[in-house]
Amino acid sequence: MQARYSFFSLARNALGYHENWPEAWRSPEPKASYDVVVVGGGGHGLATAYYLAKEHGITNVAVIERGWLGGGNTGRNTTIVRSNYLWDESAALYEHALKLWEGLSQDLNYNVMFSQRGVMNLAHNQHDLRELQRRIHSNRLNGVDSEFLDARGVKEFCPIIDLRQGGRYPVLGASLQRRGGTARHDAVAWGYARGADARGVDIIQNCPVTGFRISNGRIQGVETGRGYIEAKKVAVVTAGHSSVMAGLAGFRLPVHSLPLQALVSEPVKPVIDCVVMSNAVHAYVSQSDKGELVIGAGVDKYVGYGQRGSLPVTEETLAAICELFPIFRRMRMLRQWGGIVDTCPDASPIISKTPVQGLYFNCGWGTGGFKATPGSGWVFAHTVANDNPHPLAAPFALDRFTSGYLIDEHGAAAVAH
Amino acid sequence: MAQSAPAAARSSQPFRLSEGGRIDRSRSLTFRFDDRELTGHPGDTLASALLANGVHLVGRSFKYHRPRGIVTAGAEEPNALVQVGRDPRTEPNVRATQLELFDGLGVSSQNRWPSLEFDVGGVNNLLSRFLPAGFYYKTFMWPAAAWETYEKAIRQAAGLGLAPSKPDPDHYDKTFAHCDLLVVGAGPAGLSAALTAARAGARVVVAEQDFLLGGDLLSDRTAKIDGRPALEWVAEAEAELRASDRVRILTRTICFAAYDHNFFALHERVTDHLAPADRPEGLPRHRLWKLRTKQAIFATGAIERPLVFRDNDRPGILLASAARSYLNRWGVRAGSEAVVFTGNDSGYATALDLKAVGVRVNAVVDLRAAAEGPLSEAAKAAGLRILAGHAVTGTEGDKRIARLRAAPLDADGKGVRGSGQEIACDLLVSSAGWSPTVHLHCQAKGSLAWDEAHACYLPDRSMQKGQAVIGSAAGAFGLASCLAGGEAAGREAAGALGLEAKASRKKTQAEDRDFLPMRQLYCVPSDKPLGQGGKHFVDQQNDVTAADLLLALREGYRSIEHVKRYTTTGMGTDQGKLGNLNAIGIVAERLGLPLPEVGVTTYRAPYTPVSFGAFAGRDVDALLDPVRTTPIHSWHERNGALFEDVGQWRRAWYYPKAGEDLHRAVAREVAATRETVGIMDATTLGKIEIVGPDAAELLNRVYTNAWSKLEVGRCRYGLMLKEDGMVMDDGVTSRLAEDRFLMTTTTGNAAPVLAHLEEWLQTEWPDLEVFLTSVTEQFATMTLSGPNARKLLAELCDLDLSTEAFPHMSWQEGSVAGVPARIFRISFTGELSYEINVPAGHGLSVWQALYRHGEKYGITPYGTEAMHVLRAEKGFIIVGQETDGSVTPLDLGMDWIVSKKKDFIGRRSLSRSDMADSGRKQLVGLLTQDPKVVLPEGGALVEAMRDATPVPMIGHVTSSYWSPNCERSIALALVKGGRARLGKTVLCPLEGGKTVPCTVVEPLFFDKEGDRLRA
């Protein structure tokens, strides 16, 4: 039985020198058979298992993870949460996720440190401004909070930003989503794992899936490093390796896998209290509760599975950060890393049934999957439980690449004239 | 600042020895630590100077704000982090152990308020029982809305130093370098390797993080090479290397990252060590070296591990090796009464050295039941008191260690017997063994092998060709092995380079001194259960204790990555250089696993933190991204233009006259162009020359329409799609000759289009014989547009401009204002237009000639904004404005340009079912029902407004202007099923609840027959 986390339980356990805390989740041996096997123990996979148990009463579930929980992109992102997407389908999905974020710590009884410190997207030229306005109008009608800040408003909201009009990328304005912010990424994986475990889900780490058993077009189970596991349904959520998994199941996905990198500075006292993003220079920055500047960069120019990212991208990103924030030039990079992002041609995810009955894929989140974690798990659990897409997931089915019903989130980044 | 006399300086540095070390006692340097003025000597680091002055308390820890002192003498320092200098040149979190002292240096302690001595945050230490690892995941959840209030307090308490608050006035630089051999680390192994390879003729770069060469030899008072003091050998080696023009020695340079194929990044601190007044003008503060080498040798040494025992974090508790460094390199006693706590023989080296300079060594507490190495034998002979089979079970002292307890250790190392004895001391040094610095090897994906005897990871297989690890970084802890290993590696590198290394004249002679045998305890027990009284710190900076690690395991966080992330061990600015192996050992013991099965956390770049400025280098301010201007730019500036950034280009936006705002200026420019003649600088449009027998075929494949039959001298509009069938770019392409075309692209897409064409040519169609050249900047392009364009041009041009001789969509070569020119009769305004291309160098003079001759017609320069209005009146699209990557030619109503007969990029995608859906968004015109209201660009469109969100949207306004020629507002929009809505009303909701009703119309507002164009 899990202990409820609260200030009082913390105080009570302090008296016992914290010797009596139970495990946040068990480490069981895999059973021979499950109703649902979720492949991939990242945030999305664990959220899927959690909502399968909580919302759909399906508790005979295993989450199978090759390495350690949250060790993929869940533990490698820049923790930004927002829902100000352009297209209706995306806005609906991410806004659903944002609403779940807003109560997630309480729902999970695990503090995921979701802070709605505001996410600001900068505009540096007339084209940016036009695109920003379009997004704001669209967000507003989609029920997504979004407001325009002129240059003065930007400075008020983030006083350390450099507005020099002579600068190479003058800040002309920004869109602001006040409900956006950051969360503690590891805690999201752990909180969902603990919540799923409490509802009976088996979480099995260090267990690679090596193949799918399929007969008559229907999934039978998964081959793993710890033997065959039978499953009525298999839900694959393996960002960074989705096309590899699809290959094991005998079909191809329209995804490219690219290294995306991020870095942190050494910790300093609070200096920036919001998230600042700039598409034009492709950099974004926020400050963690520990005090590190958390900086996101772009993807490498070539496909690859090296979870590192190349030096030129680091250089470009930090040059952009130094331009937007000349006070940061003396800050120092403490650690740099990479994750592999599976990107679709339209920069939108795939949440879908597949050519194999009972096999479902949730992938292709590109550079923006973390913010969707709760919503992604929610709609995927529904899709798996009902063998029918959740209405919010329906537009993100695989068949859009044959029908042409694309949801092209690249659009807003297009260049002008 | 005045220099004090050496005698006075000595008396103010009570812990400075009167002789020995690599400092210059003849000069004194004055520096300030918080509000204390102190002195040191050239050659000092801040840490050595502080210790010389008896200052141990230098900072407060991250979480509990415990008093902390200097622990190490190098890059691995977790505690002694200081804030250097003043805004705007201030720098947080600088390791005092690496900060070179200069006269006038000012530093402050960090993470304390109001003072280092009395820190209110110290209350956290009293509450520490309630603040175990991960406490924040379990609380601060009620009430939900309060988290951000809690968080503010947490954020204030966290962080260490302060970011600067003003822009950095210094500059940074980057440079590329290539060499045959990179040697990282200039200790005995590295120097030996560099000497051997250089003598064989290799071009060598030696990178050393310190400001002196010699590595550990700098800290060794007894080491001998060839029978002489080792530092003499170092000096000779350095002299020989410096004399060679094939060798470059980079000091103060850390090789912080290893990339594939022997590509390395190095960070050189160029002027930080100089007093600000002495920093040469023109030198950068830091320099980033991007170095490609054929061979690499990592002679990066090893870092001593501290023992983890109860209350092991008080000021005055140092690494044994650090105390030895301070003594021998800097002539500083880190205390007066010392205790050495060790599990191996290397602690004894410190004990002997301390004793040799008169420090009272009250005890050597040795974990081993019997001390039996060569140095422990020497210690016994020297009469040191050795407590074999003992452990330090606790320490006391407020802001400096004052005493400790030592008790006999159980045979299994799990407990102690009795409460032991108290020993007074003001210095406690500890040694658990050594961890080779394998970071670069691991960054390069090399594997590790566990060495049980030394309790450390050694480099195993290298994943990259031409990389070797030598010296103590490879587990060769003795001096003789280092020298021999260096020579062998140098020879091997030379051989791999095809050079012959001569056998050295004679073998360099030295003595090997290992620290085996050792007894490894990752966590030293005390007389109380772990976590119940006192703290065993594993990561001092982040205040992670052994009890925290066990809590994480207890709660199911078993992967070493989970333990790290849950407890934050190894996540400080030292990145676990001191603590990680101890943490792994403690985890392995608790899980009952052999240590290698626990694994290691990933070694990530950078080895030590690197300034953002170094990565940016000169790519800041105007140099971040080139600002491209046209040859006519100066004219625009002189004539009052305002500019907008379009891609890298700075384009004239509009030319306001006195008292005019954007709208008035644009209205005037637009009207003049329709009524008489306007002139615009169109130089920025991308121009690609396409040459070769297959040039027309390439165009056939990349444009939706057919090109083979285009005659020489004619121009054609083309639309280019991406593979997904969506519009990518558009422009007019002209046939210059049978095998030669000039393609124009939009301004922002010039480079992407060229890359797109090259990619297809190189990867899919290598058989096509065609070559692409960007000629955007070779020509200045100016557009004359309006009813008087022909008359004006005729005055300066030698061609027959009549429609018969020079029809719409054709081009001719002639001269304009005496300059050879290509003249294209094409139009983006709907007026009679000529685009005149002249060699870029003549652009300004031709423009001025046209303008001078045009004044009698009232010629008016117009900018991009007026161009937008003019083209919108005609319903011409702008890629990126009417399109957004989701728009097909059919959506734009441009079916006429899509060939049904041939293949082209994107064609197959156009046959997908959704492409024919009549509900797709289509380009239409919008007329507001109140003609005075101008719609907001980007405004959403709905059929009906309602309060509840989401409100179903049917499209958006892509372009919207006041049209002086239509004398009303006009707009273009993408609307679902738009063409079926002609004549119907749609609504554009504004912020604040108002909606603007508009009528859907054809996207063409002016001169619908196109007479003016063909005039």
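Residue numbering restarts at 1 for every chain, and letters A, B, ... go by the order of the sequence lines.
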Visitor: Counting heavy-atom pairs under 4.5 Å to chain B, which of A/E95, A/R184, A/R194, A/E292 comes out on top?
Guide: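 Of A/E95, A/R184, A/R194, A/E292, A/R184 has the most heavy-atom pairs under 4.5 Å with chain B.
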Visitor: Do B/D625 and A/Y169 pair up side chain to side chain, a donor and an acceptor below 3.5 Å, judged on atom types alone?
Guide: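 A donor-acceptor contact under 3.5 Å links the two side chains.
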Visitor: What part of A/L132 is in contact with chain B, defined as an atom under 4.5 angstrom from a non-hydrogen atom: side chain, backbone, both or neither?
Guide: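 For A/L132, neither part sits under 4.5 Å from chain B.
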Visitor: Hey, does the Lys NZ or Arg CZ of B/R129 hover above the aromatic six-ring of A/Y17, less than 6.0 Å from the centre and inside 45° of the axis?
Guide: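 So B/R129 does make the cation-pi contact.
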Visitor: For B/A157, is it the side chain, the backbone, both, or neither that has a heavy atom closer than 4.5 Å to a heavy atom of chain A?
Guide: backbone
Visitor: For B/R285, which atoms come within 4.5 Å of any heavy atom of chain A: side chain, backbone, both, or neither?
Guide: side chain
Visitor: Hey, does the side chain of A/D107 reach the backbone of A/G103 with a donor-acceptor pair shorter than 3.5 angstrom?
Guide: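 Pair absent, no side-chain N/O of A/D107 close to backbone of A/G103.
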Visitor: Under 3.5 Å, side chain of A/Q261 to main-chain N/O of A/S310, donor-acceptor pair present?
Guide: yes
Visitor: Under 4.5 Å from any heavy atom of chain A, what part of B/E148 do you find: side chain, backbone, both or neither?
Guide: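 Interface part for B/E148: side chain.
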Visitor: So which part of B/M571 gets closer than 4.5 Å to some heavy atom of chain A, the side chain, the backbone, both or neither?
Guide: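 Both parts, heavy atoms under 4.5 Å.
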Visitor: For the interface with chain B, which of A/D186, A/N125, A/V271 has the highest count of heavy-atom pairs at distances below 4.5 Å?
Guide: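 Top option by heavy-atom pairs under 4.5 Å: A/D186.
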Visitor: Under a 4.5 Å heavy-atom cut-off, does chain A meet the side chain of B/P952, its backbone, both or neither?
Guide: neither
Visitor: I'd like to know which of B/Q83, B/K445, B/H562, B/R89 tops the heavy-atom pair count under 4.5 Å against chain A.
Guide: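 So the answer, after comparing B/Q83, B/K445, B/H562, B/R89, is B/H562.
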Visitor: Among A/N109, A/V112, A/L263, A/D162, which residue has the highest count of heavy-atom pairs closer than 4.5 Å to chain B?
Guide: A/N109
Visitor: If I measure from the heavy atoms of chain A, does B/V94 come under 4.5 Å with its side chain, its backbone, both, or neither?
Guide: both
Visitor: Go through the atoms of A/F325 and report whether side chain, backbone, both or neither lie under 4.5 Å from a heavy atom of chain B.
Guide: neither
Visitor: So B/Y137 and B/Y566, would you call those rings parallel, tilted or perpendicular, with 30° and 60° as cut-offs?
Guide: parallel
Visitor: Pick whichever of A/A91, A/G291, A/S115 has the most heavy-atom pairs under 4.5 Å with chain B.
Guide: A/S115
Visitor: Please state whether the side chain, the backbone, both or neither of B/L551 comes within less than 4.5 Å of a heavy atom of chain A.
Guide: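 Contact with chain A: side chain only.
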Visitor: So for B/K63, is it side chain, backbone, both, or neither that comes closer than 4.5 Å to the heavy atoms of chain A?
Guide: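 For B/K63, neither part sits under 4.5 Å from chain A.
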